[in-house]
Number of protein chains: 2
Amino acid sequence: MNRQAPTLEDVAREAGVSRATVSRVVNGVRNVDPAIQDLVRLAIERTGYAPNRAARSLVTRRTGTVALVVSGAGDTSEQEQNAFAARVFADPFFGRVVGGVVGFLRPRATHPVLMFAESPEARGEVLRYLRQGNADGALVVSTHPDDPLPALLADAGLPAVLFARPVRPVALSHVDLAHWDGGRLAAERLLARGCRKVATVSGPWAVAASQERLAGFRDTMARGGHPYVPVAEGGFTLDSGVAAMTGLLAEHPDLEGVFAANDLMAQGVCQVLRERGRRVPGDVAVVGFDDSSVAATCRPPLTTVRQPVEDMAAAMARLLDEHIRGLRDEPASVLFEPELVVRESA
Amino acid sequence: MNRQAPTLEDVAREAGVSRATVSRVVNGVRNVDPAIQDLVRLAIERTGYAPNRAARSLVTRRTGTVALVVSGAGDTSEQEQNAFAARVFADPFFGRVVGGVVGFLRPRATHPVLMFAESPEARGEVLRYLRQGNADGALVVSTHPDDPLPALLADAGLPAVLFARPVRPVALSHVDLAHWDGGRLAAERLLARGCRKVATVSGPWAVAASQERLAGFRDTMARGGHPYVPVAEGGFTLDSGVAAMTGLLAEHPDLEGVFAANDLMAQGVCQVLRERGRRVPGDVAVVGFDDSSVAATCRPPLTTVRQPVEDMAAAMARLLDEHIRGLRDEPASVLFEPELVVRESA
DNA sequence: CCGAGGGCATAGAGCGCTCTCCCGACCCCA
DNA sequence: TGGGGTCGGGAGAGCGCTCTATGCCCTCGG
């Protein structure tokens with residue numbers, strides 16, 4: 001970068017061949033004499049050559065970069081943008097997404113650019129970024145059902161893959177979890193433990209996943225002879241879990257089991273129960289959702305419905321890669337199955 | 001990206017001016033007749049033009065991208081790389097770093113590329129990435145004192161800024177916290193509460209910050225008339241906090257105050273204390289460090305030494321920006337002051 | 001012995017942009 | 001009115017790479 005980086009031309013001169021030959025050696029090789037290959041490789045070594053990506057992507061029209069976009073709802077103010085980023089990262093869920101994405105991209109010499117799109121300007125920035133060819137496509141994790149970004153990307157014809165099926169249909173690939181089955185697993189666990197009086201802390205109503213988890217839970221409870229299940233709506237945060245549980249416990253002091261739609265809320269549920277003198281799982285069994293890191297470190301460790309986030313993120317990256325390489329034209333969707341992880345809380 | 005994106009040439013034709021003029025308008029430089037400016041802007045609007053970044057950075061030698069590198073110790077195996085990413089993100093600390101960095105970069109139309117450098121190959125990848133001109137510089141957060149990456153970057157003459165002063169001196173700018181003062185604040189708080197028997201759970205010995213926090217704490221306690229302070233070494237994780245506190249409590253059952261070198265460990269300390277029947281802060285006062293998100297959500301909420309991570313991260317980004325733009329030649333260091341945040345635990 | 005054919009290398013034309021000249025028009029003042 | 005200065009715009013040379021077209025040479029069939 002600093003003092004005149006060596007160019008293909010320099011290497012060619014050093015090796016006594018032409019620029020094109022060096023280029024062939026550097027990239028996947030097409031018929032180059034092995035002796036010359038070695039010669040070139042030696043010259044590359046000696047000059048410390050590193051291909052300039054700008055020049056390369058100028059002609060290949062590929063950047064080896066994808067945008068990893070966390071997009072929010074509508075219209076966050078300038079001041080809140082930092083907070084948004086911090087909040088997103090505070091959720092252990094997102095770390096797993098990054099882990100899965102990086103795991104897939106790394107062997108493909110591709111790198112994720114982190115972007116936040118929680119305001120109209122930020123969304124415009126994402127679109128511009130892609131249209132300028134800064135990145136080949138976008139992996140989008142929406143934190144809000146009304147997120148307009150997917151539609152914008154689809155309209156612009158930009159390659160993109162979503163985490164979770166969008167509420168409004170959009171012509172983009174996505175990966176998702178069989179949330180209904182997750183709810184079912186939680187219900188089955190509580191039923192198997194013999195819990196009679198059972199309640200649930202759901203995710204936000206507007207989020208499709210919340211509704212599906214809830215439906216799976218309720219349907220299964222009903223089938224198991226418990227047609228009525230009190231529900232309190234939470235917001236996927238610890239605080240909201242505390243609030244929801246406080247309300248539930250006030251109305252139903254005799255609860256024996258609780259299903260919280262994510263681990264953070266389950267943690268809040270446990271806190272409230274303990275503060276109210278209930279033992280978990282002795283008096284009340286608690287099932288969480290996600291199998292995030294808190295599930296294991298929480299006291300007591302949470303029995304939870306595992307969402308294979310890393311695999312899902314990797315699948316996202318794979319789908320995007322296929323779209324970018326033109327191997328896939330039509331939007332596809334990949335559905336993952338949840339799994340019950342039994343620890344101590346239920 | 002898809003069907004022939006419009007080029008500068010197209011816009012120029014549309015506006016009836018030359019390529020150079022359009023370029024001038026786009027970059028907002030030099031004297032261009034306002035009337036023509038409007039003309040060009042209209043043409044840009046009509047064609048939907050977006051400057052191709054590859055072409056631009058080919059000539060400017062700038063990418064508008066910086067690498068945000070989380071670098072680990074030595075030689076992590078391929079399988080553990082995902083885990084590394086997940087672990088890093090599980091630490092709420094890192095989310096704050098990202099928030100601060102993004103906050104600074106965003107107005108400057110710069111974006112962070114996320115990279116993990118926890119193995120020799122990964123480190124090579126980072127260097128190559130920078131030397132290829134994929135990014136203009138690197139923001140490095142080391143998770144291990146023996147991290148060789150800073151030296152590699154310095155040797156390669158690549159612009160980079162570190163979070164925390166490296167153990168071995170390296171010719172790179174960095175930001176850091178006055179850790180000694182942080183330890184002092186914690187000690188002063190415990191002294192002010194009248195705690196007699198006090199212990200501390202330190203961070204890993206190898207980490208300079210741990211030693212400084214410890215020194216500040218001990219020196220201040222000594223000055224306050226408590227020359228002997230039992231220490232247990234932790235690893236900045238919740239589990240290590242639990243283990244350390246278990247040991248301390250066994251040897252010193254009469255403890256009245258504990259300083260843990262980060263909030264995660266403080267949380268572990270509180271768990272152990274509660275399980276052993278001690279009330280916090282009634283029986284034992286606990287002071288944490290960082291003021292991370294767990295400090296507020298923990299039960300009880302932690303009194304802690306605040307590290308202004310977002311500001312520090314922003315300062316890192318600013319330093320890097322100055323290095324990249326050539327405004328700053330010599331390595332600089334910026335030191336931040338910690339601050340006591342009083343909640344309930346002490 | 002000659003021409004066809006194939007492996008291997010080179011030449012050279014861009015990719016889309018910036019930026020340095022350079023030139024024409026206009027202004028000011030003598 | 002003319003000379004020097006300034007301002008606004010155009011022409012064109014690359015930036016470093018890929019890739020197609022082309023050419024060389026060696027082998028082999030006729």
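Residue numbers start from 1 in every chain, and the chains themselves are labelled A, B, ... in the order their sequence lines are given, proteins ahead of strands.
- In this structure, the CZ atom of B/Arg53 is 15 Å from the C1' atom of C/dT18, given to the nearest Å.
- The distance from atom CG of B/Leu39 to atom P of D/dG8 is 16 Å, rounded to the nearest whole Å.
- Residue contacts shown for B/Arg19 include a base, since a base heavy atom lies under 4.0 Å away.
- Residue-to-nucleotide proximity on DNA chain D shows that, of B/Ile36 and B/Ala55, the 5′-proximal contact is made by B/Ile36.
- For DNA chain C, none of the residues of residues 11-18 of chain B falls under the heavy-atom distance limit of 4.0 Å.
- Rounded to whole angstrom, the span from the CG atom of B/Asp33 across to the P atom of D/dG8 amounts to 7 Å.
- With C/dT10, C/dC17, C/dC15 as the candidates, the nucleotide lying closest to the side chain of A/Arg24 is C/dT10.
- Within the structure, a side-chain polar atom (N or O) of A/Thr7 is placed less than 4.0 Å from OP1 or OP2 of D/dC17.
- Between the base of C/dT18 and the side chain of B/Arg61 there is no donor-acceptor pair shorter than 3.5 Å.
- Considering only side-chain N and O atoms, A/Thr21 lies nowhere under 4.0 angstrom from the phosphate OP1 or OP2 of C/dA9.
- In this structure, A/Thr47 contributes its side chain and A/Ala43 its backbone to a donor-acceptor pair below 3.5 Å.
- A donor-acceptor contact shorter than 3.5 Å links the side chain of A/Thr143 to the backbone of A/Ser71.
- Although no hydrogens or angles enter the test, the distance criterion places a donor-acceptor pair under 3.5 Å between the side chain of B/Ser57 and the main chain of B/Arg53.
- Side-chain nitrogen and oxygen atoms of A/Asn52 include none within less than 4.0 Å of the OP1 or OP2 phosphate oxygen of D/dC15.
- Listed for the A/Arg19 side chain is no donor-acceptor partner under 3.5 Å among the backbone atoms of A/Thr7.
- Considering only side-chain atoms of B/Asn27, the nucleotide from D/dC17, C/dT18, D/dG12 that sits closest is C/dT18.
- Put simply, the side chain of B/His323 gets close to the backbone of B/Arg328: a donor and an acceptor are under 3.5 Å apart.
- Note: CG (A/Leu8) to P (C/dC15) measures 19 Å, nearest angstrom.
- Taking atom CZ of A/Arg56 as the reference point, atom C1' of C/dC15 lies 14 Å away to the nearest angstrom.
- Using five terminal pairs a side, the axes of the helix from C/dC1-D/dG30 to C/dA30-D/dT1 at its two ends make an angle of 50°, given in steps of 10 degrees.
- Under the 3.5 Å distance criterion, the side-chain polar atoms of B/Asp38 are left unmatched by any main-chain donor or acceptor of B/Ala35.
- Residue B/Asp10 contributes atom CG, which lies 9 Å from atom P of C/dG16 at whole-angstrom precision.
- Contact check, A/Ser57 against C/dC15: no side-chain N or O comes under 4.0 Å of OP1 or OP2.
- The only option from B/Val59, B/Thr60, B/Thr65 that meets the side-chain contact (heavy atoms from CB on, under 4.5 Å) definition with B/Arg62 turns out to be B/Thr60.
- Closest to the A/Val59 side chain, of the nucleotides C/dC17, C/dG14, C/dT10, is C/dG14.
- Taking atom CZ on A/Arg62 and atom P on D/dC17, their separation rounds to 19 Å, with Å as the unit.
- With salt bridges taken as basic N to acidic carboxylate O contacts below 4.0 Å, none links A/Arg13 and A/Glu9.
- We find that CD of A/Glu9 is positioned 11 Å from P of C/dT10, with the value rounded to whole Å.
- Contact record, A/Asp136 with A/Pro159: O-CG, 3.4 Å, taken as the closest heavy-atom pair.
- Between the side chain of B/Arg131 and the main chain of A/Gly48, a donor-acceptor pair closer than 3.5 Å is present.
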